[in-house]
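Encoded as C-alpha cells, the structure appears first; notes follow it.
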Amino acid sequence: MSDAFATVQDVEDRWRPLTEAEKARAEVLLMDAASLIRDTCPATWQAAGEATLRRVSCAVVKRAMVAPAGDMDLVGVASQQATVGPFSQQITFRDPGGDLYLTAAEKRSLGKGRPAAFEDDVLARLTGG
C-alpha cells in the first residue's frame, strides 16, 4: 500500500505551477503523505472519500514545501517581529523543518477522533437475553 492519494498535478491545481525539481520533491512527499495518513489514522482513513484524501495529501505536501529554504518566503510564517531603532521584528515559522504533519481538522476529516458507532440491544439487556 504505497500508492499516493494525490498527484503532482493535484498539488499544482491547488497551489501553483511547480518547477521540475519541485515536481520531483512533491512526488516523494505525496507518497510520504499517504503513509502519514495511513499511520496516523489506521482505523479510519479507508472510510474517507477520495476527495478528502486528495485534499489532505495536497495540504500536507504544500506545508512541507513552503518551509523556508534560504529565501524569506513569508507563506509559512506563524508570527513576525522587527527591530529598527526603537522598533523590533522577529519571524517565527510554523514548520521550519518542512516536516509532514496532519492538522487537527485534517485528522477529524479523516475520521480520527470521531466517536465510534455505538450499538446496544436494550431489549436483550432488559429481558436478560
Side-chain angles (χ1 to χ4, degrees):
M1 278 220 181
S2 61
D3 293 336
F5 298 125
T7 65
V8 172
Q9 185 63 53
D10 292 327
V11 174
E12 288 184 311
D13 290 347
R14 287 163 177 76
W15 186 24
R16 63 170 173 79
L18 302 176
T19 66
E20 289 306 312
E22 288 174 326
K23 287 179 182 181
R25 182 169 181 232
E27 190 76 38
V28 171
L29 291 174
L30 285 165
M31 298 296 281
D32 292 346
S35 177
L36 174 70
I37 289 168
R38 289 182 182 101
D39 291 347
T40 304
C41 306
T44 59
W45 73 266
Q46 292 175 325
E50 288 181 32
T52 297
L53 293 167
R54 185 178 308 111
R55 174 183 50 82
V56 171
S57 292
C58 289
V60 168
V61 168
K62 180 183 172 188
R63 274 195 300 274
M65 292 185 73
V66 298
D71 59 354
M72 292 305 288
D73 183 0
L74 298 180
V75 174
V77 173
S79 68
Q80 178 177 336
Q81 178 182 347
T83 302
V84 177
F87 304 100
S88 64
Q89 177 181 18
Q90 174 185 346
I91 298 175
T92 305
F93 290 89
R94 285 186 296 257
D95 184 21
D99 297 326
L100 299 178
Y101 64 92
L102 296 170
T103 66
E106 290 164 348
K107 289 177 188 175
R108 281 191 305 274
S109 70
L110 294 167
K112 188 168 179 105
R114 289 186 191 156
F118 179 75
E119 183 177 312
D120 190 9
D121 190 343
V122 176
L123 183 58
R125 285 193 308 137
L126 292 173
T127 60

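Every heavy atom of this structure was used, including side-chain atoms; hydrogens, water molecules and symmetry mates were not.
- Side-chain contact between L53 and L110 is present, with heavy atoms from C-beta onward closer than 4.5 Å.
- Heavy atoms only, all atoms of each residue included: L18 and M65 are closest at CD2-CE, 4.4 Å.
- Annotation: the span from E106 atom CD to I37 atom CD1 amounts to 8.0 Å, rounded to 0.5 Å.
- Annotation: side chain of E22 is not in contact with side chain of V11 (no heavy-atom distance under 4.5 Å).
- Separation of atoms CG (L30) and CG (D3) is listed at 12.0 Å; rounding is to 0.5 Å.
- Just one of E50, R55, R54 meets the side chain to side chain contact (heavy atoms under 4.5 Å, CB included) condition when paired with T52; it is R55.
- Separating the OG atom in S35 from the CG atom in L29 is a distance of 12.0 Å, to the nearest 0.5 Å.
- Applying the side chain to side chain contact (heavy atoms under 4.5 Å, CB included) criterion to Q9, with sequence neighbours excluded, gives T7, E12, D13.
- The structure places CH2 of W45 at 14.0 Å from OG of S109, a figure rounded to the nearest 0.5 Å.
- Without hydrogens or angle criteria, R14 side chain to D10 main chain gives a donor-acceptor distance under 3.5 Å.
- Residues W15 and V61 fail the side-chain proximity criterion, which asks for heavy atoms closer than 4.5 Å.
- Of all the heavy atoms in S57 and F5, the pair that sits closest is OG-CB, 3.5 Å.
- Across every non-hydrogen atom of L100 and A33, the tightest pair is CD1-N, 4.0 Å.
- Contact annotation: the side chain of K112 never approaches that of L102 to less than 4.5 Å [non-hydrogen atoms, C-beta and beyond].
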